[in-house]
Amino acid sequence: MNLKGKNIVVTGAASGIGAETARLLSAEGATVIGVDRNPPAPGLVARHIAADLGEPGSIAIAAREIGNGIDALCNIAGLPPTRGRVPVLRVNFLGLRELTEALIPQMNDGAAIVNLASLAGLGWPDAIPAIKSMLALRDFDTVEALCDTHGIDDARSYFFSKEVLIAWTLQQRWTWRERGIRMNCVSPGPVDTPILGDFLQTLGARAEEDMRVMDRPGRPTDIAPLVAFLCSDDSRWLRGTNIACDGGMHSHVLANLYGLS
Ligand code: NAI
């Protein structure tokens with residue numbers, strides 16, 4: 001995995017998985033531009049851009065500040081379900097798509113985009129009508145009405161944000177193919193970061209059951225190497241896919257679903 005000399009944008013670089021990804025990419029020789037509403041730890045990134053990734057105006061300013069010559073974009077910033085359905089959908093999907101599309105013209109040919117989805121997005125094939133509505137929605141201010149139409153409450157909004165993200169990634173499999181730009185998702189199970197407590201609070205008994213069958217929660221150091229690999233040219237044949245990185249939880253859910261347990 002050779003990342004030397006690559007210019008890589010990492011959103012969510014101030015905490016958890018984003019911070020560890022920024023650290024690893026820098027250690028592998030990349031120049032990391034962090035984008036977060038909070039400042040990252042001193043020295044973690046080559047350049048920090050403060051932005052609110054739930055606000056289109058702030059995203060446009062950040063995209064201009066980032067500039068040209070981008071080799072990879074890691075979309076890692078995200079909000080947990082305790083923050084409410086409108087902020088969750090604005091940051092976890094609408095803002096992520098807005099930043100990505102703004103940066104495409106500023107990317108080098110062959111660039112890689114990596115989206116942090118989740119095991120929570122596994123059920124996307126069961127939500128196609130709502131997903132299609134969300135994919136068609138461009139006005140950030142109308143997301144609450146969409147939630148009302150499709151019965152998406154605060155607790156469901158996190159799952160839905162990740163379902164849409166996985167579906168959008170799959171849909172864009174060949175959108176930028178003539179430039180060699182490709183996009184993939186990574187889907188962790190529960191990871192021990194500051195937002196793990198929020199998930200446990202929202203998911204209640206289900207989360208407790210997940211934690212019981214897992215030998216341990218994930219750590220940011222379990223996730224960052226996969227994100228880094230997806231930024232590297234060694235992963236060039238991976239396009240539009242979603243990779244579970246969860247100690248076997250995705251397989252556990254599928255095995256139970258299909259009677260293979
Ligand atoms: P975290 O809370 O440690 O880090 C999230 C980062 O995103 C923070 O630095 C925060 O400032 C930034 N952020 C949030 N809203 C923002 C906004 N509006 N504008 C700019 N920056 C903003 O969370 P963690 O666990 O590292 O999560 C990273 C990603 O991984 C998220 O997308 C999350 O949904 C996903 N994920 C996390 C799991 C977990 O159990 N921790 C499991 C599966 C996926």
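In listed order, ligands and their atoms are each counted from 1. All heavy atoms count here, side chains included; hydrogens, waters and symmetry mates do not.
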Does [X], backbone or side chain, put an N or O under 3.5 Å from an N or O of ligand 1?
X: Leu196; value: no
X: Asn92; value: no
X: Val191; value: yes
X: Ser118; value: no
X: Pro190; value: no

Taking [atom] as the reference point, the nearest protein heavy atom with its distance:
atom: atom 19 (N) of ligand 1; answer: Leu53 N, 2.8 Å
atom: atom 1 (P) of ligand 1; answer: Ser15 OG, 3.6 Å
atom: atom 9 (O) of ligand 1; answer: Asp36 OD2, 2.6 Å
atom: atom 21 (N) of ligand 1; answer: Arg37 N, 3.3 Å
atom: atom 2 (O) of ligand 1; answer: Ile195 CG2, 3.1 Å
atom: atom 42 (C) of ligand 1; answer: Gly189 O, 3.2 Å
atom: atom 34 (O) of ligand 1; answer: Tyr158 OH, 2.6 Å
atom: atom 18 (N) of ligand 1; answer: Asp52 OD1, 2.9 Å

Identify, by atom number and element, the atoms of ligand 1 in contact range of [X], meaning under 4.0 Å from any of its heavy atoms.
X: Val91; result: 15 (N), 18 (N)
X: Pro188; result: 43 (C), 44 (C)
X: Phe199; result: 38 (C), 39 (C), 40 (O), 41 (N)
X: Gly54; result: 18 (N)
X: Ala51; result: 19 (N), 20 (C)
X: Leu79; result: 14 (C), 15 (N)
X: Ala14; result: 9 (O)

Practice prompt. Go through the steps to decide whether Ser133 and His150 satisfy the test side-chain contact (heavy atoms from CB on, under 4.5 Å), and finish with yes or no.
Written response: CA-CA 9 Å; Ser133 299; His150 291 282; 2.9 Å; yes
Item to complete: Going by heavy-atom distance to atom 5 (C) of ligand 1, choose the closest among Pro194, Gly78, Gly16.
Response: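 Nearest option to atom 5 (C) of ligand 1, by heavy atoms: Gly78.
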Worksheet item: Considering Thr193, Val186, Asp246, which one's heavy-atom position lies nearest to atom 24 (P) of ligand 1?
Response: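 Among Thr193, Val186, Asp246, the closest heavy atom to atom 24 (P) of ligand 1 comes from Thr193.
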Is a side-chain N or O of [X] found less than 3.5 angstrom from the main chain of [Y], in a donor-acceptor match?
X: Asn184; Y: Val114; value: no
X: Asn115; Y: Cys185; value: no
X: Ser187; Y: Ser118; value: yes

Discussion item. Starting from Leu238, can I reach Ile113 by hopping between I/L/V/M/F/W/Y residues whose side chains sit under 4.5 Å apart?
Written reply: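 Looking at the clustering, Leu238 is in a separate group from Ile113.
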With a heavy-atom distance limit of 4.0 Å, tell me whether [X] approaches ligand 1 through its side chain, its backbone, both, or neither.
X: Ala117; value: backbone
X: Ile17; value: both
X: Ile76; value: both
X: Ala120; value: neither

Worksheet item: Roughly how far, to the nearest 0.5 Å, is the CZ atom of Phe93 from the CG atom of Asn75?
Response: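 If we round to the nearest 0.5 Å, Asn75:CG and Phe93:CZ are 10.5 Å apart.
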Fill in: Cys74 side, atom SG; Ile33 side, atom CD1 - distance, nearest 0.5 Å
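Interatomic distance, Cys74 SG to Ile33 CD1, rounded to 0.5 Å: 11.5 Å.
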Worksheet item: Does atom CZ of Arg239 have more than 12 heavy-atom neighbours, drawn from other residues, nucleotides or ligands, at distances under 6.0 Å?
Response: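 Yes - once you tally the heavy atoms of other residues, nucleotides and ligands closer than 6.0 Å, there are more than 12.
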Item to complete: May I ask whether Glu55 places a heavy atom under 4.0 Å from ligand 1?
Response: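 So Glu55 does not count as touching ligand 1.
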Worksheet item: Quick one: does Pro87 get a heavy atom under 4.0 Å from ligand 1?
Response: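 Judged by the 4.0 Å heavy-atom criterion, Pro87 does not count as contacting ligand 1.
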Taking only Lys NZ, Arg NE, NH1 and NH2, and the carboxylate oxygens of Asp or Glu, determine whether [X] and [Y] approach each other closer than 4.0 Å.
X: Arg156; Y: Glu163; result: yes
X: Asp109; Y: Arg179; result: yes
X: Glu144; Y: Arg85; result: yes

Worksheet entry | salt bridge (charged side-chain N to carboxylate O under 4.0 Å, His left out) partners of residues 124-139, not counting sequence neighbours, each pair once |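 Matches after skipping sequence neighbours: Glu101-Arg138.
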Discussion item. For residues 46-63, which residue pairs pass the salt bridge (charged side-chain N to carboxylate O under 4.0 Å, His left out) check, not counting sequence neighbours?
Written reply: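 Output for this query lists Glu55-Arg90.
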Worksheet item: Looking at side-chain heavy atoms only, is the closest gap between Asp233 and Lys6 below 4.5 Å?
Response: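 When only atoms from C-beta onward are counted, Lys6 and Asp233 do touch, with a gap below 4.5 Å.
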Fill in: Side-chain heavy atoms of Leu53 within contact of Glu98, under 4.5 Å
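No; the side chains remain at least 4.5 Å from each other.
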Worksheet entry | Worked verdict on Ser235 versus Arg182 for side-chain hydrogen bond (donor to acceptor under 3.5 Å, both in side chains) | CA-CA 10 Å; Ser235 62; Arg182 61 207 172 75; 2.9 Å; yes
